[in-house]
Amino acid sequence: MRAYQDMVYSTAVRLTGSPAQAEDIAQEVFLKAYEHFAQLRTSAAAGGWLKTVATNLSLNHLSRYRRRWRLFSEMGSGNDDKDDSEPAYLAADTLTDAVFTTLDAEDRRQVVEAALAKLPEHQRVPLVLFHFEELPYEEIAAKLGVSLSKVKTDIHRARLQLARSLATRADELKPTSP
Amino acid sequence: MNPDTHPSGQLERLIDQALRDQPLLRAPATLEANVLAAVARVPASPWWRRGFLHWPVAARLGFLIASIGFIRIGLLAWERVSNTIGAVETTGIAAVAPGLSWAATVADLLSALNAVSRTLFAGVPRDWLYTGGAVMLSLYALLFGLGAMGYRVFRARR
């Protein structure tokens, strides 16, 4: 369990955005693993099995509440996409430089985790499934029960939001010229 | 700095690299102890408190047979009630069950109440009924909204 607990917990916390819920989900994952201990003990794919179960339980957990409050929260807010067409420009190499040179690994880790937690659920979940779980767009759309175009749009907006957070932090750390 | 007009392919690669570089988050120290405590509780729980698939085979078979029996009893009871109702409609309750003449009184009373309520509803304008229905639906939706807000404020953000 010790070998996998960080992986299971990370999967759940990045999908749910809540450490408390992630801990509950991780506990449930390991209880399921206990039920299948005989098969998992000798399986080389135990890590993959645990990750899949953690992902599915997190999505189940989210969908349990999503239908109930989507109407009242997400549709009502609708302001997470408001900056989509800002005209200012940042060159690719400048942003790459900002993210990977100005920010050290620890800074980047903190900014990314904080920005992930702040993303609305309908952007965070597909982003995590795409970049961390390496699922293709089509599978994400099927898992979440939404259209392919919505998945692509949500992931793109989530990337923009993450890039903004990283760029803002890099700006803060950049030494001011005399 | 603003990455909004960043070419999407480069943005994807950049974010992909930034996310893949993220180390795993450390699980809380309490997780292992909680899992072990939960695992220790599992054998203590009796079979009937676990899922159906974990029941002993004999119990599963017995449950299925009992379920089929209950369904059969329900169907028989329904058939008996239907026959009795048919007989009451054609011959009157006193003829079917002489000891149940009080039931005829109750039936008369219920049918009188039904007639009164039909008359009352017929007098209420349809718009009022629709408005009342809409108000009830709105209150129901509001209840869900408050529940969702409470969940997000007090639990989801923990």
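Only heavy atoms go into these numbers, but all of them, side chains included; no hydrogens, no water, no symmetry mates. Order of the sequence lines sets the chain letters (A, B, ...), proteins ahead of strands, with each chain counted from 1.
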Visitor: How would you list, in number order, the residues of residues 130-140 of chain A that have a heavy atom less than 4.5 Å from chain B?
Guide: A/Phe130, A/His131, A/Phe132, A/Glu134, A/Tyr137
Visitor: Taking only Lys NZ, Arg NE, NH1 and NH2, and the carboxylate oxygens of Asp or Glu, determine whether A/Glu106 and A/Arg109 approach each other closer than 4.0 Å.
Guide: yes
Visitor: Got a sec, which hydrophobics cluster with B/Trp78, joining ILVMFWY side chains under 4.5 Å apart, including via others?
Guide: none
Visitor: How about A/Phe30 and A/Tyr34: are their ring centres within less than 6.0 Å of each other?
Guide: no
Visitor: Name all residues meeting the salt bridge (Lys or Arg N to Asp or Glu O under 4.0 Å) criterion together with A/Lys150; count only those two or more places apart in sequence or in a different chain, and write none if there are none.
Guide: A/Asp154
Visitor: Check residues 107-121 of chain B and write down every donor-acceptor pair under 3.5 Å in which the side-chain atom is one partner and the other belongs to a residue at least two apart or another chain.
Guide:
| unit_1 | atom_1 | unit_2 | atom_2 | d |
| --- | --- | --- | --- | --- |
| B/Ser111 | OG | B/Asp108 | O | 3.4 |
| B/Ser117 | OG | B/Leu113 | O | 3.2 |
| B/Ser117 | OG | B/Asn114 | O | 2.9 |
| B/Thr119 | OG1 | B/Ala115 | O | 2.7 |

Visitor: Answer yes or no: is there a donor N or O on one side and an acceptor on the other, between the side chain of B/Trp55 and the main chain of B/Trp47, under 3.5 Å?
Guide: yes
Visitor: Quick one: what part of A/Glu28 sits under 4.5 Å from any heavy atom of chain B, side chain, backbone, both or neither?
Guide: neither
